[in-house]
2 protein chains.
Amino acid sequence: MSDLLERLRERGWRLTAQRRVVAEVLDGDHVHLTADEVHARAIARLPEISRATVYNTLGEMVSIGEVVEVATDGRAKRYDPNAHRPHQHLVCSGCGTVRDVHPHGDPLAALPAAERFGFTVSAAEVTYRGLCPDCS
Amino acid sequence: MSDLLERLRERGWRLTAQRRVVAEVLDGDHVHLTADEVHARAIARLPEISRATVYNTLGEMVSIGEVVEVATDGRAKRYDPNAHRPHQHLVCSGCGTVRDVHPHGDPLAALPAAERFGFTVSAAEVTYRGLCPDCS
DNA sequence: TTCTTGACTTAGACGGAGTCCAATGTACGA
DNA sequence: TCGTACATTGGACTCCGTCTAAGTCAAGAA
């Protein structure tokens, strides 16, 4: 993830303690944390870090494509540091846990031209829903 | 949509003016309205109807499967009255317009058992993203 | 028809998630 | 080292949705 910090700097972004901590927290466990969970873990390392900074930093990482936002429902967005390989998400309807999954085939190919209504279609996001072992 | 009201009644639900109006509004235009948009249109017909009732009624319709919730972004959920036939959604990244689309194949079939992690997977939602003719 | 009753509706308070802002702090080039 | 443009802070604010207590009313019973 120091690569990420390097890439951020190449874009002219300042390297601050706050940004470093957010990057480390996200990279630490490969789970999909909410912004507030990131904040809670960041506070453990840098007690003064504010919620607004966490939101700003996550937003910056998303905008350069290093992190992917996962909007699983009406719940809080989660942040996925595994942006380097295409994948989809499996979400537990009970507890909201998110897992990365790799279905076969390209979901884009399933949409015929006649169903594109003149759109320039660039991506397909698939969300599988169900109950995890703990919730079922 | 009077079918819907009938089905609601068969479930032992009372037929009230409020529920009738929400059903009519949703059925009126086949667009994907947010709860507040439904509320605004319902008020035009029944000025005293409250926001809470609109939320309750939409929730009931979702729970019996007559209406589908669509969460296209982190913003307000939209309600899709076209629940009688399986379909997916094509969202314009520019203006947010949502269109119903019908890809071939079953997206659930693309997820092998080894990628299900013990979940009981019950549904797959596909969101295609791109730019509509007006925005591209 | 009127009565009864429990389900429905209401307004407003409340909560979580996220954004905004003015004041303060600081990374980094000169 | 210094200056300043950019980052951070914390608290207020918005938006979306849920909850609650009190009042209302649909529909079956008599």
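A quick note: this is a predicted structure, and the numbers were derived from the prediction, not measured. Residue numbering restarts at 1 for every chain, and letters A, B, ... go by the order of the sequence lines.
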B:L46 CG to C:dA11 P, straight-line distance once rounded to whole Å: 11 Å
N/O (side chain, B:R75) to phosphate O (OP1/OP2, D:dC16) under 4.0 Å: no
B:H39: partners by ring pair (Phe, Tyr, Trp, His ring centres under 6.0 Å), with sequence neighbours left out: none
Interatomic distance, A:E60 CD vs D:dC6 P [rounded to whole Å]: 13 Å
Identified side chain to side chain contact (heavy atoms under 4.5 Å, CB included) partner of B:Y79 from the options B:L26, B:V22, B:V68, B:V54: B:L26
Side-chain ion pair, B:R7 and B:E10, N-O less than 4.0 Å: no
Shortest non-hydrogen contact from B:A124 toward B:Q88: O-NE2, 3.6 Å
Sequence-aligned protein contact record of nucleotides 19-30 of chain C, with B where the base is within under 4.0 Å of a protein heavy atom and S where only the sugar-phosphate is: BB-----BBS--
Secondary-structure stems, DNA chain C, at least 3 Watson-Crick or G-U base pairs under 3.5 Å: C:1-30 with D:1-30
Side-chain (B:T53) to main-chain (B:I49) donor-acceptor, under 3.5 angstrom: no
Listed nucleotide nearest any side-chain atom of A:A76, set D:dT8, C:dA17, C:dT9: C:dA17
Ion pair B:R99/A:E115, N-O distance below 4.0 Å: no
For atom NE2 of B:H39 and atom C1' of C:dA11, their distance in whole Å: 11 Å
Spacing between B:E48 atom CD and C:dA11 atom P, to the nearest angstrom: 8 Å
Derivation of the ring-ring contact (aromatic ring centres under 6.0 Å, His included) call for B:H87 and B:H89: CA-CA 7 Å; B:H87 63 276; B:H89 293 108; 5.0 Å; yes
Phosphate OP1/OP2 of D:dG10: any A:S50 side-chain N/O under 4.0 Å: no
A:R78/A:E37 salt bridge by N-O under 4.0 Å criterion: yes
Donor-acceptor contact present, side-chain A:S122 to main-chain B:R129, <3.5 Å: yes
Spacing between B:R20 atom CZ and C:dC8 atom P, to the nearest angstrom: 15 Å
Nearest-nucleotide 5' precedence on DNA chain D, B:D36 against A:I49: A:I49
